[in-house]
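Reading through the structure tokens given below for one structure.
All values below were derived from every heavy atom in this structure, side-chain atoms included, with hydrogens, water molecules and symmetry-related copies excluded. In the text below, chain A, chain B and the rest are named by the order of the sequence lines, each starting its count at 1.
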Number of protein chains: 2
Amino acid sequence: MKLSTKGRYGVKAMFDLAQNYGSGPIPLNTIARRNNISEHYLEQLIAVLRKAGLVKSVRGAQGGYILNKSPETITVGDIIRVLEGPIAPVDCVNEDEPEHCENADFCITRNIWAKVRDSVAQVLDSITLKDMLEESKNLQEQSYMYYI
Amino acid sequence: MKLSTKGRYGVKAMFDLAQNYGSGPIPLNTIARRNNISEHYLEQLIAVLRKAGLVKSVRGAQGGYILNKSPETITVGDIIRVLEGPIAPVDCVNEDEPEHCENADFCITRNIWAKVRDSVAQVLDSITLKDMLEESKNLQEQSYMYYI
DNA sequence: ACGAAAGCCGAGCAAATCAGTAGGAAATAA
DNA sequence: TTATTTCCTACTGATTTGCTCGGCTTTCGT
């Protein structure tokens, strides 16, 4: 039940882009450096995000990446699904095309995995990049108060 | 975010034992056959469950495995934790000993993974083997109604 | 026009994990 | 004593993970 670095790095990178939304394209090496991610590896991940339409790229000098939609319209679930595939603890409850299983109608464990899937999806789909920006702002304020 | 076969097979095997709770020891090859699991592989999994105190074994002919506690005191979460380790989408929100991360206080993504962890744990910890037995009974009754 | 800064692309690779197999030793009921 | 069963250790092929490497193309600034 682990998330791979694909999902983790992807969410970090997208959050970074959200924090810089409106400031023009952000080069990948900047994102990689700020988040301690191998640039070459992140390149592969962001290629997937780009093909899925979550970010767009600007080539050439002074180029970089930009969110393709505003932060409030992108959820963590969107990012995870693109990078890690459909949310499903086991394939027989896959969101897209559940693996066929002849026992599905009588399978008790299957119902459990479906509950897990729904509960994870509910959490991830309810959090937008904008929510994260706001939480970040709150954290900073608290941190400020702490130093007074 | 996939469960491995360890967790899946483990829950199936434990449910099988729950269905036979009170009928003496059930040999492993029976459980393996009924659930389409490689016996040798299941052997390794049940060894872990035994060492964790969830099942007890009776050696020798007519031996087998028995639940070590009654079905209502064993949750799916117990089984999963034993076989798959602590519930945590990423190590920095590990239930037992969270991996140290210097940015933890300011990490926005970390809060998300903690929410996912809690939501998965809540589902798994709320389902006991007895709940599964009852659901199974309901399904059988529905199936009976269907054939009238 | 040129060079530096960027994205784009495909190949390769070491380590870890998964999902088993294989083979036998020890215990026990009949 | 024999069949049945658990117990234990080691090995293994396939897949995934988390990268690295090298080169090509596009574009901005001068």
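Distance B:Arg33 CZ to D:dT5 P: 10 Å, rounded to the nearest Å. For the pair A:Met1 CE and C:dT17 P, the computed distance is 18 Å after rounding to whole Å. Put simply, NZ on B:Lys2 is 24 Å from P on C:dA16, counting in whole angstrom units. Atom CG of A:Leu42 is separated from atom C1' of C:dC8 by 14 Å (rounded to the nearest Å). Separating the CD1 atom of A:Ile37 from the P atom of D:dG18 is a distance of 12 Å, rounded to the nearest angstrom. Atom pair A:Ile46:CD1 and C:dG7:P shows a separation of 8 Å (rounding to whole Å applied).
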**OP:** For the pair A:Asp131 and A:Thr128, evaluate side chain to side chain contact (heavy atoms under 4.5 Å, CB included) and give the outcome as yes or no after the intermediate values.
**Re:** CA-CA 5 Å; A:Asp131 295 331; A:Thr128 67; 3.2 Å; yes
**OP:** Let me see the working for B:Tyr41 and B:Thr5 under side chain to side chain contact (heavy atoms under 4.5 Å, CB included), right down to the final yes or no.
**Re:** CA-CA 10 Å; B:Tyr41 186 44; B:Thr5 54; 3.1 Å; yes
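Salt-bridge check for B:Arg81 with B:Asp125: passed, with a basic side-chain N closer than 4.0 Å to an acidic carboxylate O.
Contact check for B:Ile66 versus B:Pro25: side-chain heavy atoms found under the 4.5 Å cut-off.
When atom types are taken as modelled, the side chain of B:Glu84 and the backbone of B:Gly7 share a donor-acceptor pair closer than 3.5 angstrom. The closest donor-acceptor contact from the side chain of A:Arg110 to the backbone of A:Cys92 lies under 3.5 Å. In this structure, the side chain of A:Arg8 does not engage the main chain of B:Val90 through any donor-acceptor pair within 3.5 Å. Between the side chain of A:Lys2 and the backbone N or O of B:Ala88 there is at least one donor-acceptor pair closer than 3.5 Å.
Near DNA chain D, defined here as any heavy-atom distance below 4.0 Å, there are no residues from residues 15-32 of chain A.
The shortest distance between the side-chain N/O atoms of A:Arg50 and the OP1/OP2 oxygens of C:dG7 is not below 4.0 Å. For B:Ser4, no side-chain nitrogen or oxygen approaches OP1 or OP2 of C:dT17 to under 4.0 Å. Regarding contacts with the backbone of C:dA19, every side-chain N or O of B:Lys6 stays at 4.0 angstrom or more from both OP1 and OP2.
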Original post:
Could you run down nucleotides 20-30 of chain C 5' to 3' and tag each one B, S or - for protein heavy-atom contact under 4.0 Å?
Top reply: BB-B--BBBSS
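Put simply, the residue from A:Val11, A:Thr75, A:Val76, A:Ile79 that forms a side-chain contact (heavy atoms from CB on, under 4.5 Å) with A:Leu124 is A:Val76.
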